[in-house]
Amino acid sequence: MKLSEKNKHFFDNVYEVAHLIPKGRVTSYGAIAKYLGTGSSARMVGWAMNGSFSKKEPVPAHRVVNRNGQLTGKNHFATPYQMQELLEAEGIKVADDQIIDFEKVFWDPMRELGF
DNA sequence: TGGGTGACCATAG
DNA sequence: ACTATGGCCACCC
């Protein structure tokens with residue numbers, strides 16, 4: 001049974017934006033939701049990320065954090081420390097589940113993609 | 001059909 | 001500074 005086209009559309013959009021995040025940059029759930037516009041909400045972005053692990057192609061979910069720059073979703077990775085390691089591997093400093101210089105590494109799809 | 005939940009965000013007091 | 005509440009909307013009983 002196929003999922004509704006609308007629903008699929010939304011999930012694909014989230015994954016697509018996640019892939020568009022440049023290396024060494026991060027964005028927030030709310031920013032993605034806003035970029036997608038109607039039919040999207042910050043919670044749904046997180047929900048979509050939860051399903052991202054079911055995807056065959058890897059989704060850089062570690063580049064998506066909450067608006068505070070906290071690694072709230074680290075607990076959903078294979079291991080809680082994997083998210084931080086992936087970020088640090090890209091040059092992003094993380095301390096106590098908090099991204100350092102979050103404003104500098106923040107990537108806003110509305111701004112970078114030219115809304 | 002409807003209530004509970006969630007990797008969130010904004011506002012109010 | 002903190003907690004409480006509502007909104008958001010797909011998903012799972």
Side-chain angles (χ1 to χ4, degrees):
Chain A
M1 41 195 169
K2 293 157 98 177
L3 294 169
S4 300
E5 293 181 2
K6 286 184 181 175
N7 180 15
K8 189 168 187 261
H9 182 66
F10 169 75
F11 268 66
D12 281 345
N13 273 335
V14 175
Y15 300 140
E16 187 174 351
V17 175
H19 281 290
L20 289 175
I21 303 173
K23 186 180 177 184
R25 295 293 209 86
V26 295
T27 190
S28 66
Y29 303 98
I32 294 175
K34 248 170 200 176
Y35 176 73
L36 295 180
T38 308
S40 61
S41 65
R43 286 192 154 159
M44 291 305 93
V45 175
W47 197 255
M49 283 292 139
N50 192 4
S52 72
F53 289 96
S54 300
K55 281 281 185 181
K56 296 177 180 176
E57 297 181 1
V59 178
H62 60 280
R63 294 182 188 152
V64 184
V65 296
N66 68 350
R67 73 155 201 106
N68 205 17
Q70 280 185 293
L71 282 52
T72 53
K74 66 166 191 171
N75 207 15
H76 290 263
F77 279 75
T79 59
Y81 48 86
Q82 185 174 25
M83 188 172 187
Q84 179 172 343
E85 287 186 352
L86 288 170
L87 288 173
E88 289 180 341
E90 298 184 356
I92 299 174
K93 307 276 191 352
V94 179
D96 194 23
D97 301 339
Q98 171 73 37
I99 293 179
I100 307 300
D101 294 331
F102 177 60
E103 297 180 7
K104 291 183 181 177
V105 297
F106 180 68
W107 180 82
D108 188 355
M110 296 291 274
R111 191 185 62 203
E112 303 293 338
L113 298 179
F115 66 104

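In what follows, chains are A, B, ... by sequence order, proteins preceding strands, each numbered from 1.
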**Message:** Assess the residue pair A:Leu20 and A:Trp107 against the criterion (side-chain contact (heavy atoms from CB on, under 4.5 Å)); give the C-alpha distance rounded to whole Å, side-chain angles, the decisive distance to 0.1 Å, and a yes or no.
**Reply:** CA-CA 10 Å; A:Leu20 289 175; A:Trp107 180 82; 4.1 Å; yes

**Prompt:** Could you state the CG-C1' distance from A:Leu36 to C:dA10, rounded to the nearest angstrom?
**Reply:** 14 Å

Contacts under 3.5 Å, N or O only, protein and nucleotides 3-7 of chain C:
from: C:dG7; atom 1: O6; to: A:Arg43; atom 2: NH1; distance (Å): 3.0
from: C:dG7; atom 1: O6; to: A:Arg43; atom 2: NH2; distance (Å): 3.2

Enumerate the protein-to-nucleotides 2-5 of chain B contacts in which both atoms are nitrogen or oxygen and the separation is below 3.5 Å.
none

**Asked** On a whole-Å scale, what distance lies between the P atoms belonging to B:dG3 and C:dG6?
**Response** 15 Å

**Message:** Among B:dA7, C:dC9, B:dC9, which nucleotide has an atom closest to any side-chain atom of A:Ser28?
**Reply:** B:dC9

**Asked** Which residues within residues 64-88 of chain A lie with some heavy atom under 4.0 Å of an atom in DNA chain B?
**Response** A:Asn66, A:Arg67, A:Thr72, A:Gly73, A:His76, A:Phe77

**Message:** Taking A:Ile92 as the starting point, is it possible to reach A:Phe77 by hopping between hydrophobic residues whose side chains are less than 4.5 Å apart?
**Reply:** yes

**Request:** Please answer whether the main-chain N or O of A:Gln98 pairs with a side-chain N or O of A:Asp96 as donor and acceptor at a distance below 3.5 Å.
**Result:** no

**Request:** Go through the structure and list residues passing salt bridge (charged side-chain N to carboxylate O under 4.0 Å, His left out) with A:Lys74, not counting sequence neighbours.
**Result:** A:Asp97

**Message:** Membership question, hydrophobic clusters at under 4.5 Å side-chain separation (ILVMFWY): are A:Ile100 and A:Tyr81 in the same one?
**Reply:** no

**Item:** Non-neighbouring partners of A:Glu16 that pass salt bridge (charged side-chain N to carboxylate O under 4.0 Å, His left out), sequence neighbours left out
**Value:** none

**Item:** Separation between the P atoms of C:dT5 and B:dG4, rounded to whole Å
**Value:** 15 Å

**Request:** Check every strand shown and say whether A:Ala61 touches a base, only sugar-phosphate, or nothing at a heavy-atom separation below 4.0 Å.
**Result:** base

**Message:** For a 4.5 angstrom cut-off between non-hydrogen side-chain atoms, does A:Asn13 reach A:Tyr15?
**Reply:** no

**Asked** Just how far, in rounded Å, is P of C:dA10 from CZ of A:Phe11?
**Response** 9 Å

**Connected via hydrophobic side-chain network under 4.5 Å: A:Leu113 and A:Val17** = yes

Please tabulate, for the side chains in residues 57-72 of chain A, all donor-acceptor contacts under 3.5 angstrom to protein atoms that are two or more places apart in sequence or on a different chain.
from: A:His62; atom 1: NE2; to: A:Glu90; atom 2: OE2; distance (Å): 3.1
from: A:Arg63; atom 1: NE; to: A:Glu90; atom 2: OE1; distance (Å): 3.0
from: A:Arg63; atom 1: NE; to: A:Glu90; atom 2: OE2; distance (Å): 3.2
from: A:Arg63; atom 1: NH1; to: A:Ile21; atom 2: O; distance (Å): 3.0
from: A:Arg63; atom 1: NH2; to: A:Glu90; atom 2: OE2; distance (Å): 2.8
from: A:Asn66; atom 1: OD1; to: A:Asn68; atom 2: N; distance (Å): 3.3
from: A:Asn66; atom 1: OD1; to: A:Gly69; atom 2: N; distance (Å): 3.1
from: A:Asn66; atom 1: OD1; to: A:Gln70; atom 2: N; distance (Å): 2.7
from: A:Asn68; atom 1: ND2; to: A:Gln70; atom 2: OE1; distance (Å): 3.4

**Request:** Return the 5'-most residue of the pair A:Lys34, A:His62 with respect to DNA chain B, ranking by each residue's nearest nucleotide.
**Result:** A:His62

**Asked** Out of curiosity, does A:Trp47 fall in the hydrophobic cluster containing A:Ile32 (side-chain heavy atoms, cut-off under 4.5 Å, transitive links)?
**Response** yes

**Asked** Is it true that A:Phe53 and A:Val14 fall in one hydrophobic cluster, defined by side-chain heavy atoms closer than 4.5 Å?
**Response** no

